[in-house]
S.K.: 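Pasting in a structure now, in structure tokens, and then I'll have a few things to ask.
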Amino acid sequence: LCRQHNLPLKGIHFHLGSQFRDPAPLGPAILSSLDLAVELGFEADWRLSPGGGWGVAYHEDELPQPDLEGYIRFIAGTVVSGCRQRGLPLPRLQLEPGRSLVARAGVAVYRLGALKRSAGRTWALLDGGLADNPRPALYGAHYSALLVSRPTAANEEPVCLAGPYCESGDVLALELPLPEVAAGELIAVPVSGAYQLSMAGNYNGACRPAVLWLSDGQARLIQRRETPEDLLRRDRPLE
Ligand SMILES: Cc1ncc(COP(=O)(O)O)c(C=O)c1O
């Protein structure tokens, strides 16, 4: 198609999906790409972008963290040996580690408003949920949580974490073992640095939370909390 339409063809990209913890499935796709590169007659300065975002553990059940170095070594090794076997010049390699770059840098902090026991479950009702993190509702993303004031306290009972948005899907975690919790406590949800605020919305008139940058024991406000005025900013009165 590129040749037919006189477009420059500089390289090959593929995307096999997200949350890889084992790079092996990328191997056959890389080799197919190299075969295609030979067929296309790529010479020096071609690009290969083997996609498949590298995974992160969101929950203790998913530990250890996928090994980023192993992912890089596997891709680089497969490309180098595959190119040698085919007499193909090495491409410029463009990796797509995706969320693994930033997901663990973010921690979402919620305040527990009330506890409710219903149908054999304990519900912890938080001041955020679906509007700031739609991932559990969208595709069943699996999170863990811990208490800010007592992160190492022993777990007592499974608790369901829910938000205030009047939707049955407004549940951040189901039956998560937690220490005894009380209204007013802060609850931290780790691994909130990717696909969270970027997916956040204003559903139910929710205001997006503030964002703090933490380093060297200092906290700096890098995004202020939204206000109702922000929600109305684009509205224009009818005549
Ligand atoms: C082409 C491409 N590369 C990389 C990524 C990043 O992957 P991840 O979502 O696993 O962080 C995506 C995201 O879907 C993507 O579409």
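Counting starts at 1 for both ligands and their atoms, in listed order. Position 1 is the first residue of the sequence; numbering continues from there.
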S.K.: Of all the atoms in ligand 1, which lie at a distance below 4.0 Å from a heavy atom belonging to Gly98?
M.R.: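 Heavy-atom distances to Gly98 below 4.0 Å select 6 (C), 11 (O).
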S.K.: For atom 2 (C) of ligand 1, which candidate among Arg99, Glu96, Gln94, Gln19 provides the closest heavy atom?
M.R.: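 Among Arg99, Glu96, Gln94, Gln19, the closest heavy atom to atom 2 (C) of ligand 1 comes from Glu96.
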S.K.: May I ask you to check whether over 12 heavy atoms, not counting those of Glu180, lie within 6.0 Å of atom CD?
M.R.: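 Counting neighbours around CD of Glu180, 12 or fewer heavy atoms of other residues, nucleotides or ligands fall under 6.0 Å, so no.
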S.K.: Could a heavy atom of Phe20 be found less than 4.0 Å from some atom of ligand 1?
M.R.: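 The answer is no: ligand 1 sits nowhere under 4.0 Å from a heavy atom of Phe20.
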S.K.: Using side-chain contact (heavy atoms from CB on, under 4.5 Å), reason through Asn202 and Glu226 one step at a time and then give a plain yes or no.
M.R.: CA-CA 10 Å; Asn202 296 119; Glu226 270 182 337; 2.8 Å; yes
S.K.: By the rule that ILVMFWY residues connect when side-chain heavy atoms come within less than 4.5 angstrom, directly or transitively, which residues belong alongside Leu147?
M.R.: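 Taking Ile, Leu, Val, Met, Phe, Trp and Tyr as members, Leu147 shares its hydrophobic cluster with Val56, Tyr58, Tyr110, Leu112, Leu115, Leu126, Tyr143, Val159, Leu161, Leu172, Leu176, Leu178, Val181, Ile187, Val189, Val191.
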S.K.: Please indicate whether Arg73 has more than 12 foreign heavy atoms, meaning atoms of other residues, nucleotides or ligands, lying under 6.0 Å from its CZ.
M.R.: no
S.K.: Quick test: of every protein heavy atom, which one is nearest to atom 7 (O) of ligand 1, and how far off is it to 0.1 Å?
M.R.: Gly53 CA, 3.4 Å
S.K.: What is the nearest protein non-hydrogen atom to atom 14 (O) of ligand 1, stated with its residue, atom name and distance?
M.R.: His15 NE2, 3.8 Å
S.K.: Do any nitrogen or oxygen atoms of Ser18 come within less than 3.5 Å of a nitrogen or oxygen of ligand 1?
M.R.: yes
S.K.: Tell me, which protein residue and heavy-atom name are nearest atom 13 (C) of ligand 1, and how many Å apart are they?
M.R.: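 Among all protein heavy atoms, the one nearest atom 13 (C) of ligand 1 is Tyr195 OH, 3.5 Å.
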S.K.: Taking the six-membered ring for Trp, are the ring centroids of Phe20 and Trp54 within less than 6.0 Å of each other?
M.R.: no
S.K.: State whether the shortest distance between N or O atoms of His13 and N or O atoms of ligand 1 falls below 3.5 angstrom.
M.R.: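 Between His13 and ligand 1, no N or O pair is found under 3.5 Å apart.
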S.K.: Do Pro136 and Val171 come close enough that some side-chain heavy atom pair is under 4.5 Å?
M.R.: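 Answer no - side chains too far apart.
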